Colleague: 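Here it is, the structure in full.
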Amino acid sequence: MVRLIPRLHAPPPPPPRVPAGLPLPLLPAPALAATLLEAVSSSPSLPHLRHLHALAVRLPLPATSLPFLLSRLLRRLAALPPPPHAPLPYALNVFSAVSPPDPFLAAALLRFAFLTQPPLLPFRVFSHLRRAHGAELPFLPFAFSTLAKSATASRSLPAAAAAHAVSVLVGGFDRHRFVENSLIGAYVACGDVGAARKVFDEMVEKDVISWTSIVVAYTRSGDMRSAEEVFGRCPVKDMVAWTAMVTGYAQNAMPVKALEVFDRMAELGMVIDEVSLTGAISACAQLGALRRAAWVQEIAERTGFGNNVVVGSGLVDMYAKCGLIDEASKVFYGMQEKNVYTYSSMIAGLASHGRASEAIALFKEMVNRANVEPNHVTFIGVLTACSHAGMVGEGRYYFAQMKDKYGIMPSADHYACMVDLLGRAGLVDEALDLVRSMSVTPHGGVWGALLGACRIHGKSEIAKVVAEHLFKLEPESIGNYVLLSNILASAGKWEEVSKVRILMRKQRLKKDPAVSLFEGRDGLVHQFFAGDNAHPRTHEIKKALLELVAKLKLEGYVPILSSIVYDVNDEEKERLLMGHSEKLALSFGLLTLGSGCTIRITKNLRICDDCHLFMRLVSRVESVEIIVRDNMRFHHFKNGECSCGGFW
DNA sequence: CTAGGGTTAG
């Protein structure tokens, strides 16, 4: 192509001044417009764009070309790094270059306002245009989509309703499919399922986007049954629709379902992208399922999605939760781009594995070297790290820093961490004072942390007071009753224990049965309940366990009978202890893997004192590494020591 | 122009 405006393409960008003598356009008008458009799309800077703008409004372009060209110019302007590169007045100036006011350019202007913050700017621009031009300027459907999008971004219900209203009143476009879809999206973002559903139900022409939006409306509100029902009726499902279900299950703590749907969509030949993979990763993290995790990792590597920040951060979290903290580290340090999620996941992972000093070192690296701004979740990780390691001074320091240096107001969750920190360290009274001085209402987590502290330090009187609060806040949470009754039992207050038992019975609460999982070499997950004889090799397991106990007793093992909170004789207590599910799992692990191996056990409840001691001794005597994930954290047993330092 | 993404807690 002959270039008659050669300077348009010449890097470096020309000066902003419009040259006095413009070259005469010898190209036919459409080709001229195309050339300018191309130049606009690749324009490197604001001065360059201004120059093109000046050219464009002077050249004899075809009538419809100028608004289109200028709309592209606005889009380019909004995309220039770092935004907002262009102030709104300049964009308005671009808009007024065309007379009469052009609807297409008006929509582009709204889009520009949306892209350059703040989220509700399009509404202001819209009112401005209405005031300035009235009925002279009609609006196109996508102008209303942008308003709805703006409401979506600000998650403001009044804004969503306003976008809805003007689509009807000004545009008459509430029946336009794209507009309806964006309105649904806006209502979903604001959490108004009813309004979203109403728009959806009244739609004449629903497409897969409308259906998916409603599925998401339900998954976000935690109503998976309705989500399933809508998804089932959706006539054509694409990858995004399937992914909405995968992440819906993952977000609602149904990881097994999430993986089932993920498998199903893969079977159907759906393309797996980084978003669907993220959902599967989150599900694996929740399950702590090592083999599924390895399989997901393989997909991530094969597809190259492992380089994506979200996928990478998910992998870090997943490995940490599967017990492979070093693998998590490896992924973390291999990532090129790291953000606050990446760091927070790694910090929380290190904290849950008892590697407090590394967690804190990483936090320092994050803020000092990487310049990544920490958020409220980051501090949860930092504070739990301190708490699990008994680092009271550091915890206080970071709690203060969070407020003073980073302007993050402590939430009830942060207070729960602090209460846990102080309480574990034996400062139970100070913890109680902290709860009483809180600026937000304490929730179950805060009182629960305090009750945990009472358990560790045998404060049965404070425990009774604390439990009162807990029973009010969480009447159906079984763990609180069990904890209180354990505390009372340890103090020998058997009459009060039976009162708690009666209370539990009245509430018709049943204990969650204790269960331990062990993933065998074959990839099968073996499940052991306390006192369970259901495993096909139960005789071998029991026999090996008895031999093991005898061996440990020679090494000085004395069962911690106080871990049994029933008022039974010592012999019975010991028998119950030997039936604990993690001991069965351990025995089976030793039987199948032999000494020198690593045994991973996942347990649904907190590991008891006796099992903890038992694991420590076995790790030394049998030269094995044992990794137990209980409902609180990870315990790495090696050479007779545990990574939690006896602090859990 | 319209739909799907990750981290936290006793």
Side-chain angles (χ1 to χ4, degrees), chain A residues 107-108 110-111 114 140-149 152 173 176-186 188 207-217 219-220 234 238-248 250-251 273-282 285 305 308-318 320-321 339-349 351-352 374-384 387 411-417 419-420 423-424 443-453 455 466 470 474 477 479-480 483 606 631-633:
Chain A
L110 292 178
R111 185 80 194 160
F114 172 70
L140 297 173
F142 86 82
F144 299 102
S145 290
T146 302
L147 289 179
K149 188 97 184 163
T152 305
F173 282 125
H176 190 285
R177 198 174 80 236
F178 285 7
V179 175
E180 288 172 306
N181 283 340
S182 1
L183 287 172
I184 294 176
V188 172
D207 62 12
V208 65
I209 295 181
S210 330
W211 285 95
T212 307
S213 302
I214 291 300
V215 167
V216 169
T219 63
R220 294 235 177 112
C234 173
D238 64 3
M239 175 192 27
V240 178
W242 280 93
T243 305
M245 287 303 286
V246 174
T247 52
Q251 287 161 350
D273 72 354
E274 69 273 28
V275 182
S276 42
L277 195 58
T278 299
I281 290 172
S282 165
F305 293 137
N308 177 294
V309 222
V310 182
V311 172
S313 307
L315 290 174
V316 168
D317 174 55
M318 178 184 80
K321 290 203 174 117
N339 63 18
V340 62
Y341 285 90
T342 328
Y343 278 98
S344 302
S345 299
M346 193 66 225
I347 290 171
S352 73
N375 66 13
H376 58 118
V377 180
T378 318
F379 279 100
I380 299 272
V382 172
L383 294 176
T384 47
S387 142
S411 67
D413 293 339
H414 294 114
Y415 278 107
C417 293
V419 167
D420 189 53
R424 269 177 207 284
H443 59 202
V446 175
W447 292 114
L450 205 47
L451 193 61
R455 183 196 67 88
V466 171
L470 267 175
E474 306 175 334
S477 176
N480 299 330
L483 201 49
R606 190 201 293 257
N631 61 346
M632 310 297 298
R633 57 178 296 166

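Residue numbering restarts at 1 for every chain, and letters A, B, ... go by the order of the sequence lines. Nothing here was measured: the structure is a model prediction, and the numbers come from that model.
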Colleague: Would the distance check show the side chain of D317(A) and the main-chain N or O of A320(A) forming a donor-acceptor pair, the cut-off being under 3.5 Å?
Modeller: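 No, the answer is negative, given that no donor and acceptor are paired below the 3.5 Å cut-off.
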
Colleague: Would you name the heavy atoms of V275(A) and T247(A) that are closest together and state the gap between them?
Modeller: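 Reported closest heavy-atom pair: O-CG2, 4.5 Å.
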
Colleague: Whole angstroms only, please: what is the CE-P distance between M239(A) and dG5(B)?
Modeller: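 Spelled out: CE on M239(A) to P on dG5(B) is 13 Å.
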
Colleague: Which nucleotide in the set dG10(B), dG5(B), dA3(B) lies at the smallest distance from any side-chain heavy atom of T212(A)?
Modeller: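 Nearest to the side chain of T212(A) among the choices is dA3(B).
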
Colleague: Between dG10(B) atom C1' and Y415(A) atom OH, what is the distance in whole Å?
Modeller: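 These atoms are roughly 17 Å apart.
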
Colleague: So, does S344(A) use its side chain to make a donor-acceptor pair with the main chain of Y341(A) at under 3.5 Å?
Modeller: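 Side chain of S344(A) to backbone of Y341(A): no pair is present.
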
Colleague: Base, sugar-phosphate, or nothing for T384(A), non-hydrogen atoms under 4.0 angstrom?
Modeller: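 Sugar-phosphate contact only - T384(A) comes under 4.0 Å of backbone atoms but never of a base.
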
Colleague: Check every strand shown and say whether G381(A) touches a base, only sugar-phosphate, or nothing at a heavy-atom separation below 4.0 Å.
Modeller: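 Counting heavy atoms under 4.0 Å across all strands, no contact is made by G381(A).
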
Colleague: Roughly how many Å is it from CD1 in I281(A) to P in dT7(B), rounded to a whole number?
Modeller: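 So the two atoms are 11 Å apart, to the nearest Å.
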
Colleague: Can you identify which nucleotide, out of dT2(B), dG6(B), dT7(B), has its nearest atom closest to the N375(A) side chain?
Modeller: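 The nucleotide sitting nearest to the side chain is dT7(B).
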
Colleague: Would you call V340(A) and Y343(A) a side-chain contact if the rule is heavy atoms closer than 4.5 Å?
Modeller: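 V340(A) does not reach Y343(A) side chain to side chain.
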
Colleague: When you check the phosphate oxygens OP1 and OP2 of dG6(B), does a side-chain N or O of Q251(A) lie under 4.0 Å from one of them?
Modeller: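 Yes, within the criterion.
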
Colleague: Using a cut-off of 4.0 Å on non-hydrogen atoms, how would the nucleic acid contact of E274(A) be classed: base, sugar-phosphate, or nothing?
Modeller: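 The answer is base, as E274(A) lies within the cut-off (heavy atoms under 4.0 Å) of a base atom.
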
Colleague: Tell me which nucleotide among dG10(B), dG6(B), dT2(B) gets nearest to the side chain of L470(A).
Modeller: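 Minimum distance to the L470(A) side chain belongs to dG10(B).
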
Colleague: Remember a base hit wins even if backbone is also touched, and classify V216(A) as base, sugar-phosphate or nothing at under 4.0 Å, heavy atoms.
Modeller: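 The answer is sugar-phosphate, as V216(A) gets under 4.0 Å only of primed atoms, P, OP1 or OP2.
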
Colleague: From CG of N480(A) over to P of dA9(B), roughly how many Å is that when rounded to an integer?
Modeller: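 Spelled out: CG on N480(A) to P on dA9(B) is 17 Å.
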
Colleague: Does dT2(B) have OP1 or OP2 under 4.0 Å away from a side-chain N or O of K149(A)?
Modeller: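 Yes, because at least one side-chain N or O of K149(A) sits under 4.0 Å from OP1 or OP2 of dT2(B).
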
Colleague: Counting N and O atoms only, with roles assigned by atom type, does the side chain of H414(A) sit under 3.5 Å from a partner on the main chain of H376(A), one being a donor and the other an acceptor?
Modeller: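 Yes, because the side chain of H414(A) sits within donor-acceptor range (under 3.5 Å) of the backbone of H376(A).
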
Colleague: Tell me, do V216(A) and S213(A) make a side-chain contact under 4.5 Å, heavy atoms counted?
Modeller: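 V216(A) does not reach S213(A) side chain to side chain.
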
Colleague: Measure from the side-chain heavy atoms of S213(A) and tell me the nearest of dG10(B), dG5(B), dA3(B).
Modeller: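 Nearest to the side chain of S213(A) among the choices is dA3(B).
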
Colleague: Among the nucleotides dC1(B), dT7(B), dG10(B), which one has an atom lying closest to any side-chain atom of F178(A)?
Modeller: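 Ranking dC1(B), dT7(B), dG10(B) by closest atom to the F178(A) side chain puts dC1(B) first.
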
Colleague: When you measure only distances, ignoring hydrogens and angles, does the side chain of D273(A) come within 3.5 Å of the base of dG4(B) through a donor and an acceptor?
Modeller: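 Yes, a donor-acceptor pair under 3.5 Å.
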
Colleague: Can you check whether R220(A) has a side-chain N or O nearer than 4.0 Å to OP1 or OP2 of dG4(B)?
Modeller: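 Looking at the OP1 and OP2 atoms of dG4(B), one of them is under 4.0 Å from a side-chain N or O of R220(A).
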
Colleague: Compare the minimum distances between each of dG6(B), dA9(B), dT7(B) and the side chain of N339(A), then state the nucleotide with the smallest one.
Modeller: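 The nucleotide sitting nearest to the side chain is dG6(B).
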
Colleague: Please work out if N308(A) contacts a base, only the sugar-phosphate, or nothing of the nucleic acid, heavy-atom cut-off 4.0 Å.
Modeller: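 It contacts base atoms.
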
Colleague: Rounded to the nearest angstrom, tell me the gap between atom CG in N181(A) and atom C1' in dC1(B).
Modeller: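 Spelled out: CG on N181(A) to C1' on dC1(B) is 11 Å.
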
Colleague: Measure from the side chain of S276(A), starting at C-beta and using heavy atoms only, and say which of dT8(B), dA3(B), dG4(B) lies closest.
Modeller: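 The closest nucleotide is dG4(B).
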
Colleague: Quick check for you: among dC1(B), dG6(B), dA3(B), whose closest atom lies nearest to any side-chain atom of V309(A)?
Modeller: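 The answer is dG6(B).
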
Colleague: Calculate the interatomic distance between R424(A) atom CZ and dA9(B) atom P; express it in whole Å.
Modeller: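 After rounding, the reported distance stands at 12 Å.
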
Colleague: Identify whether any heavy atom of M632(A) sits under 4.0 Å from a base atom; if not, whether one sits that close to sugar-phosphate; answer base, sugar-phosphate or nothing.
Modeller: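 Here M632(A) touches the backbone only, sparing every base.
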
Colleague: Output the rounded distance in Å from OH (Y343(A)) to C1' (dG6(B)).
Modeller: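 Value for this atom pair: 16 Å.
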
Colleague: Report which part of the nucleic acid V311(A) touches: base, sugar-phosphate, or nothing (heavy-atom distance under 4.0 Å, all strands).
Modeller: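 Base contact.
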
Colleague: Atom CG of D413(A) and atom P of dT8(B): how far apart are they, to the nearest Å?
Modeller: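 Taking CG of D413(A) and P of dT8(B), I get 12 Å after rounding.
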
Colleague: Please classify the nucleic acid contact of G444(A) as base, sugar-phosphate, or nothing, using heavy-atom distances under 4.0 Å.
Modeller: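 Here G444(A) touches the bases of the nucleic acid.
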
Colleague: Check whether the side chain of S344(A) and the base of dT7(B) form a donor-acceptor pair under 3.5 Å.
Modeller: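 Present.
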
Colleague: Which nucleotide sits closest to the side chain of T247(A): dC1(B), dA9(B), dG5(B)?
Modeller: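 It is dG5(B).
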
Colleague: Of all the choices, dT8(B), dT2(B), dG4(B), which nucleotide is nearest to the side chain of V377(A) once you look at every atom?
Modeller: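 Nearest to the side chain of V377(A) among the choices is dT8(B).
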
Colleague: For the backbone of T278(A) and the side chain of S282(A), can you confirm whether one donor and one acceptor N or O come within less than 3.5 Å of each other?
Modeller: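 Answer holds: no.
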
